[in-house]
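The structure appears right after this line, and notes come after that.
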Amino acid sequence: MILSKSFYLRTDVLQIAQDLLGKVLVTNLDGTVTAAKIVETEAYRAPDDKACHAYNNRRTARTETMFREGGRSYVYLCYGIHHLFNVVTAPAEMAHAVLIRGVEPLEGIETMLERRKFSKLKPQLSAGPGTLSKALGITSALNDVDLTSVKSPIWIEDRGFSISRKGIKKGKRIGVDYAEECVEWQWRFWIDGSEWVSLRSGIKK
DNA sequence: CACGGGATCGTCT
DNA sequence: GACGATCCCGTGT
């Protein structure tokens, strides 16, 4: 069943980042459905987190989405090439978000292969925040949409996959070297042993 | 397998 | 005008 508003409105984004592991991210683009299990996440939390776009509660046209009520998408273009998908959490005015960094394909695998121009299923298909967006058809056109409605082009479901506390690993976030002391925070979470965790993560622990 | 660099453009200064 | 919450490919070992 689809995750309700109450799931997202909690104020502990580190908990939500862990609770999202095992949940299923679904896109429905003009009737083409793809779905994948979330296996890796990272938390970002204004105002204290220097790695967060909304650090110090900085409001710009881009970060405005993060200040909205939890349960919406935050998609932005990274390095001019990759569209990164985040889940906005917490009540309005608290700029918290969870970046989805790796997913395991479940449905619409043929479609994902086509989008990625892959001929065979392998982890590079959707291990990594940029590649999973490409596989699932996520672009900045899906920024700031409601994730709690099946009428949306994108939402998140609970399909009963259970992840034990012991099955969750944590480590430093990736690609945030500029964030000074926040670099050390272990705000990245993944399902232990998953093949679909981003490749850079595997290297850096 | 490790490393280095190029791609590419919206966003903010 | 500089810089990314990245990825992929080429090179060398």
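Note on naming: letters A, B, ... go to the chains in the order of the sequence lines (proteins, then strands), and numbering restarts at 1 for each one.
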message: Using only atom types and a distance under 3.5 Å, with no angle test, would you say the side chain of Ser73(A) pairs donor to acceptor with the backbone of Val145(A)?
response: yes
- prompt: Regarding Arg10(A) and the six-membered ring of Phe7(A), is the cationic atom NZ or CZ under 6.0 Å from the ring centre and inside 45° of its axis?
  reply: yes
- prompt: When Val26(A) is tested against each of Val33(A), Ile156(A), Leu106(A), Thr34(A) for side chain to side chain contact (heavy atoms under 4.5 Å, CB included), which residue passes?
  reply: Val33(A)
- line: Which of dA7(B), dC7(C), dA5(C) is nearest the side chain of His53(A)? It is dA5(C)
query: By centroid distance (under 5.5 Å) and plane angle (under 30°), are Tyr76(A) and dG10(B) in a stacked arrangement?
result: no
- request: Mind calculating the distance between NZ (Lys134(A)) and P (dT8(B)) to the nearest angstrom?
  value: 12 Å
- request: Measure the spacing between OG1 of Thr60(A) and CZ of Phe67(A) and express it to the nearest 0.5 Å.
  value: 8.5 Å
task: Could you tell me whether Arg188(A) and Glu40(A) make a salt bridge, using a distance below 4.0 angstrom between a side-chain N and a carboxylate O?
output: yes
message: The side chain of Ile174(A) is closest to which nucleotide in this list: dT6(C), dA7(B), dA5(C)?
response: dT6(C)
task: Mind checking Leu99(A) for me? I need base, sugar-phosphate or nothing, with any heavy atom below 4.0 Å counting as a touch.
output: base
query: Tyr178(A) side chain N/O closer than 4.0 Å to the phosphate oxygens (OP1, OP2) of dA5(C)?
result: yes
message: Whole angstroms only, please: what is the CG-P distance between Leu132(A) and dC8(C)?
response: 12 Å
query: Heavy atoms under 4.0 Å, any strand shown: does Leu77(A) hit a base, just sugar-phosphate, or nothing?
result: sugar-phosphate
query: Is there a side-chain polar atom (N or O) of Arg116(A) under 4.0 Å from OP1 or OP2 of dC8(C)?
result: yes
- request: Under 4.5 Å between side-chain heavy atoms, chaining through other members, with only Ile, Leu, Val, Met, Phe, Trp and Tyr counted: pull out the rest of the cluster around Tyr178(A), sorted by chain and number.
  value: Tyr44(A), Met66(A), Tyr74(A), Tyr76(A), Leu84(A), Val88(A), Leu99(A), Val176(A)
query: Does Arg45(A) use its side chain to pair, donor to acceptor, with the backbone of Ala95(A) at less than 3.5 Å?
result: no
message: Tell me the interatomic distance from Phe118(A), atom CZ, to dC7(C), atom P, rounded to whole angstroms.
response: 11 Å
query: Which dot-bracket string fits DNA chain C when only Watson-Crick or G-U wobble pairs with both atom distances under 3.5 Å count, crossing pairs get [ ], and | stands for a partner on a different strand?
result: ||||.|||||||.
- prompt: Separation of Glu180(A) atom CD from dA5(C) atom P, in whole Å?
  reply: 14 Å
- prompt: Rounding to a whole Å, what distance do you find between Leu84(A):CG and dA5(C):P?
  reply: 8 Å
statement: Between NE2 of His83(A) and C1' of dA7(B) the distance, given in whole Å, is 14 Å
- prompt: Considering only side-chain heavy atoms of Thr131(A), which listed nucleotide, dC9(B), dA5(C), dC7(C), is closest?
  reply: dC7(C)
query: To the nearest angstrom, how far is His82(A) atom NE2 from dC9(B) atom P?
result: 12 Å
- prompt: Distance from Leu25(A) atom CG to Leu20(A) atom CG, nearest 0.5 Å?
  reply: 9.5 Å
Every protein N/O lying under 3.5 Å from an N/O of nucleotides 11-13 of chain B:
{"from": "dC12(B)", "atom 1": "OP1", "to": "Thr60(A)", "atom 2": "OG1", "distance (Å)": "2.0"}

query: Looking only at atom types and distance, does a side-chain atom of Arg173(A) sit under 3.5 Å from a main-chain N or O of Trp187(A), one as donor and one as acceptor?
result: no
message: Can you measure Tyr79(A) atom OH to dT8(B) atom C1' for me and round it to whole angstrom units?
response: 13 Å
task: For atom CD of Glu195(A), decide whether the heavy atoms of other residues, nucleotides or ligands shown that lie under 6.0 angstrom number more than 12.
output: no
